[in-house]
Structure formats: structure tokens, C-alpha cells
Protein chains: 2
Amino acid sequence: MPTIYDVAAACGVAPSTVSRAFSRPGRVNAETAARIRQVAEEMGYRANPLARALPTGKTSLLALVVSDVTNPFYFEIIRGAELAATEADYTLLVADVHESATVERKALERALPLVEGVVLGTSRMSDSAIRVMAQQRPTVVLNRVLTGIPSVITDNARGARRAVEHLASLEHRTIGYLAGPEASWADGMRWRAMREAAEMLDLRVQRFGPFAPTLAGGAEAVPLVVASNVTAVVAYNDLVAIGLMRGLAAADVRVPRDVSVVGFDNIFGAEICSPALTTVAAPLTALGKYAVQTLLAGMSSRTPPQTRPALLPAELIIRDSTARRARRRRS
Amino acid sequence: MPTIYDVAAACGVAPSTVSRAFSRPGRVNAETAARIRQVAEEMGYRANPLARALPTGKTSLLALVVSDVTNPFYFEIIRGAELAATEADYTLLVADVHESATVERKALERALPLVEGVVLGTSRMSDSAIRVMAQQRPTVVLNRVLTGIPSVITDNARGARRAVEHLASLEHRTIGYLAGPEASWADGMRWRAMREAAEMLDLRVQRFGPFAPTLAGGAEAVPLVVASNVTAVVAYNDLVAIGLMRGLAAADVRVPRDVSVVGFDNIFGAEICSPALTTVAAPLTALGKYAVQTLLAGMSSRTPPQTRPALLPAELIIRDSTARRARRRRS
DNA sequence: CAAGTCATGGCAACCGCTTGTCGTCCCGGG
DNA sequence: CCCGGGACGACAAGCGGTTGCCATGACTTG
């Protein structure tokens, strides 16, 4: 690999001039710069990002920490984040932390010195731990609000409201909520919004759980739902909703005839499961994209970043898992 | 951030001694080393990976290039690769190339100087392009064989055979194959193995396509399948299979009663779709893990790496999308 | 007791690029 | 004709480690 020294020698100029020819347009005579660029091109010169990063700290690397890469929830988020990063000439480092705060800490420790900024997707760390690390590198959190730290969230309240309204319009009067992990910020939001919306519409709501945010978690809820008198249930997320539906099918309860089911997030899978899942779609790609853009904006400006959470709209997607309430079938 | 210079000053030794205390155990007196380590610990010293990488080239970074991060096929692969990388104290850089050879080239160009090695998952680049880049960095390819370059593949032949045998045991006599992209190495393998297995069992096979390896691709195949006289079809991958099933359902053709469907890969989604998909399961996590391990092995040994492709076993998972042949219903 | 060996620590060069500072040359104005 | 100032390039000092080589002193060995 040729270096600026090689290029400089070939052009008969000093290395610093070559450096400036690339990074400081105008600082060097236009003709000289053009000549240097051409020679560099011919020699196949590429700046060594490591060497560049050492004195400047500009690695052009951003970290995206996700709690579990195999969770379909993240696919689109990663895609969106990548898009935004690439657009700004950054490379995204995706770190998977396997749902463990310990692994998350380790991964961050490893990645932190390398990256210029961090997006925390559904972090499992404590607020204070996040604050500590936000001091080391610009940070944006996803799906969580943390005063003083920029965050990007979906409008869960609105989504939950839409879901409840939809169910109400189908004449459901008592609906269940399958709660997610206690530590989940989104869970709290969703549940609260549901309760409020239900109250407004004079519906009854009942909370089950908490359950693991997985297919298995949803399956666990089956007996509780069956034993209750809810005619519709809203699940913490799509995975739980799908798990529930599969369990229900196994228990010979029909969706949506016997019970309607609504999920959250609209992950890959919500559409192909059967019946296709009615769900509150989170703007996943936009979430990832916007998080990175927010991060980059915060990095470039000298002023402290905007810390009011950015609220991205959620939308109810009506598919086949919800229907008009029928007489409840008891098993 | 304290540097080795700070630590050295605090200990009253030379910076080089501090460096060696960490990286060259035994080279420095045990007591001195212990003291240095302790002081470093107290000061919160962490080696700057950039500075370390500059002279040594050891970035502890590996790249995994995937054609599309939102494709569920990769989730487990990424997970496996990450696992193996972390285990060896490497960090994985996942690059998404959006199914484009151009983007792939750009991404590689950007990442190459940063990483010590590359795993190419389902590359869209030409053989020669891959060979060129394999000269710059140790490379392992996934799902593709390239003489002279280490590769890790699933035993498609065996999987296809199992699928055909299964279908034969259900008394299907003529089966269809929904082809994937022409450029796909796996597609060729799967089709060939199917043909051979079919011949052995005295079945008739018919090839449709090529189709895009997506849900939409599978949907496209519906009219062809309906118009043909096959009673079972094997799809290039699960996405295509699921797309087909959904299209078939819309066309009022019942799976598996009217036609049996088999997929490939066993991605997330194969289990939750309806009917649950019978599929040839690729050892996805193992694939990613093994690829990284192979890469690391090749990097550390002085001898040229093993280039005979590693064949990981595929297994047929029988679910609900295949059944005994019935009289074929014509629409 | 002289000479050779080994363990240990220090010196300094180097990885490739950035950037503050300085020298030189040229130009115009007083 | 001299001087101030701008444009341009070169010099050199880092960034934070790694590592080859040397100096020193202690210990072994004949």
C-alpha cells in the first residue's frame, strides 16, 4: 500500500502537502493539488483510516448496540441505521449483547475507543450506567427516554390508543394486555397508554404477565387468557402475540373468531403468520435512520444536543387477527 | 484517558516496559509487571486499540459481509459469527450490501483497511473480484465454493436428497423446483441434487423460475405451479416457499392437501407461517461460527489455509406443509 | 578470577497521517 | 526602493503504542 510519503516522493512535494491536497481543499495550489491527486490515483493510494484516526480521533465508526441480533425487531432498525451512517460516510459497528447487561458492558468497553458515537437500541443497562458511558462518547438511545440524553422513540401512546379504538370499534368491551419485561421502558408506555385509552372509551382492561418478549413468552400466556373473560388481547410485541396465537390454536381457540389479537412493532413475521397479525407498526427503518442522524448532528454541533425525545409516529396495521366480538367461547 | 506514558511515569519505568508488561508476559520482571498492572488498573488505563493497530496491523476487527441484513437467513449466521469472533477477542463488523455488487465493493473498500479478515456471506461479486480481494486480506466465503479460497457451505446435496425422499415417501411422483437467482451457487447445487435424487427414486422433476429469493418471488410462481401437474414443490429457500404458500392460499389451493411445499434454510418464520413449513434446515449459527473460526485459523497459521470447502450437515425438518399426495385438484 | 550468559529495563525508531509554525517568494503600495 | 502581507510549501512534532537493539548488573562457569 502506498503512503503519502510515496506519493509525495513521486510528485516531488512534501508529505504534508499531499495530506493537505486531500483534506484541506484550497490550502494548496489548485494545480499542485490536481497533480497530486492524479499521481495518487495512479499509484492506487488510499489513506489509511487507522493512521488518520490516531491523531484526529476520527474513526468514522459508529456503534449500534442491539440486545439480540436474532430478534427480527432489529433487522429494519439496523438497516436504517446503516443507511444513515453510510450516507454520512460512516461505518456502522453492530454489537450484539445477547440480552445481557454484562455482555453489553463488555462489548461497549471493547468498541468505545474505536467509535465516535453510540446508538443504544433497547439497552439492558441501568440509567446511570448509560449516563456514565454517554459522557465518554456521544450517545443516542432508542426506545427509552433518559433525561439529558438524546433519544428516539416511537409514539407508543398513540399506537396503543389506535389499537384500543380499533378493538372498541369491533365491540370488544374487555381487553387483555400481555406485559413484556419489567425493565422495558416501552412496556410501561404501552400499558399506560392502553389503560388511559380504555378508560376514555369506557372499556375494561386486564394485565397479564410479565412475559419474556419471545414466542415462548406468548405461549405461556395462553392459559391465563383462556381462563379470563377478555375477548381481545394486545401483546407487548409481535413475538409475544404470535406465540400467543400459536398456543391458542393448539388449545383450539380460534383467532380472531374467539379472541382478537393485536401485536406491537410489525416485525417480519407479523405478516406471514396465520392469521396475519394486526399490529401497531413501529417505523423501524426510520427509527434506526433517525437515531444515527440525531447522533451525527449531536457530534458535529458544538452546542449540547437536543435531548427532548424524538417521537416517531406509529400506525395501526389491520390484518386478520382482529374481528368483531363474538360470544366468547369457553374451553 | 491515561496512556502508557502516564502509567510509566507513575511507576517510574520506561513506557516500553509498560507496553511489555501487558503484551509480552515474561519479558519483564514479574514483580515489576505486577506493580505496573496495578498502577495501570488504578489509573483506569486502557490500551488505545488504534494506536496498537497502527504499527502492528492488528485491529482485532473482522468483517462479515451480508447481501441483505433484513433477510432472516442471516440472523443466525451473524449471531454465530459474532459468537466465534468474540470468543477469540475479535469484534465483528457487519456490512450490509443491499444485494448490490457495487455497494458491496464500496463497503469492502471502506472496511478492508480496518479489518484483519473477511467473511463473505453470499457475495454478489464475481469470482475474480473475490479472488482479488482475497489477496488483500484473509477471506472465507460462505455458501459458495471458489477453488483456492476457504469456504464453508451446507450440505445442500444431502438436504435436497432428504427432501425428495420425504416427498417420495408421501407418494408424490412429480415435483417442482422453484429456482432462485441464476447467480446463486446454492441454487445450482440444490437443483442438481434434486434432479439426481429424483432420478434415483424414479420421480419426475420440473423446474420453474428463476424467481427473486423473496416472498414476492414465491408469489410469482403461483400460476405456474397451479397450471402444472406437480403435486409437491421444493422452493429455492424458505422465503420463496412461504411466498408461494401465501399465494396458493389466496388462489384457494390448499397446502398441504392439494400441494406439498418444502423450503430451504429453516429461517425464522418457517415455523410461524401457516402451515408450518417443512424445510431443509441449514445449520445457520454453525455456519457463521465455523466461517469465523476458519478465518481465524487461516490468519494465525503461517501455512496457506485449507481450501477444501467445509461441508456442514443439513437436516430435513418435517412440519405441516407436506402431506401424502391426494388426487390433484385443478382450479 | 576472568569471561560468558542471562534477565531486565531503557532508548529510539517507526507505523501513516495531521497540523501548527515557519520560510520563501511574489506582489502591490507608499 | 523598501516593506507588509498573502499564498504556498516544507519542517517537525505529535497521536499511543510496539519492538529491535543496547547497557547494565548479577550470576554461572571453567
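Below, chain A is the first sequence line, B the second, and so on; all start at residue 1.
One interatomic measurement links the two molecules: CG of Leu54(A) to P of dG17(D), which rounds to 9 Å at whole-angstrom precision. Going from atom CD1 of Ile4(B) over to atom C1' of dC15(C) covers 14 Å, rounded to whole Å. Rounding to whole angstrom units, NZ of residue Lys58(B) and C1' of dG17(D) are separated by 14 Å. Atom CZ in Arg27(A) sits roughly 9 Å away from atom P in dC8(D) (whole-Å rounding). Between the C1' atom of dG14(D) and the CZ atom of Arg52(A) lies a distance of 17 Å, rounded to the nearest Å. In this structure, CG of Leu114(A) is placed 13 Å from P of dG17(D), rounded to the nearest angstrom.
The local environment of OH in Tyr45(B) is crowded, with over 12 non-hydrogen atoms from other residues, nucleotides or ligands closer than 6.0 Å. Within a 6.0 Å sphere centred on CZ of Phe268(A), heavy atoms belonging to other residues, nucleotides or ligands number more than 12. Heavy atoms of other residues, nucleotides or ligands lying less than 6.0 angstrom from CZ of Arg105(A) number 12 at most.
Tyr45(A) comes within contact range of the sugar-phosphate backbone alone, with a heavy-atom separation under 4.0 Å but no base atom that close. Ala47(A) comes within contact range of the sugar-phosphate backbone alone, with a heavy-atom separation under 4.0 Å but no base atom that close. Residue-level contact check: Val18(A) touches neither bases nor backbone, having no heavy atom under 4.0 Å from any strand. Among the atoms of the strands shown, only primed sugar atoms or phosphate atoms (P, OP1, OP2) are found under 4.0 Å from some heavy atom of Arg24(B). At a threshold of 4.0 angstrom between heavy atoms, the contacts of Thr3(B) are confined to the sugar-phosphate backbone, with no base atom among them.
Not one side-chain nitrogen or oxygen of Thr56(B) sits closer than 4.0 Å to the OP1 or OP2 atom of dT18(D). The shortest distance between the side-chain N/O atoms of Thr17(A) and the OP1/OP2 oxygens of dA10(D) is below 4.0 Å. For dT18(C), the OP1/OP2 oxygens have no side-chain nitrogen or oxygen of Arg20(A) closer than 4.0 Å. Regarding contacts with the backbone of dG14(D), every side-chain N or O of Tyr5(B) stays at 4.0 angstrom or more from both OP1 and OP2. The side chain of Ser19(B) contributes no N or O atom lying less than 4.0 Å from OP1 or OP2 of dG16(D). Put simply, Asn29(B) has a side-chain N or O that comes within less than 4.0 Å of OP1 or OP2 on dT8(C).
Among dC17(C), dA12(C), dT18(C), the nucleotide with an atom closest to any side-chain atom of Ser23(A) is dT18(C). For Pro55(A), the listed nucleotide lying nearest its side chain is dG14(D); candidates were dG10(C), dG17(D), dG14(D).
Salt bridge present: Glu116(A) and Lys58(A) bring a charged side-chain N and a carboxylate O closer than 4.0 Å.
Taking CZ of Arg35(B) as the start and CG of Asn29(B) as the end, the distance is 9.0 Å to the nearest 0.5 Å.
Where Ser16(B) and Ala51(B) meet DNA chain D, the nucleotide closest to each residue was compared, and Ala51(B) sits on the side nearer the 5' end.
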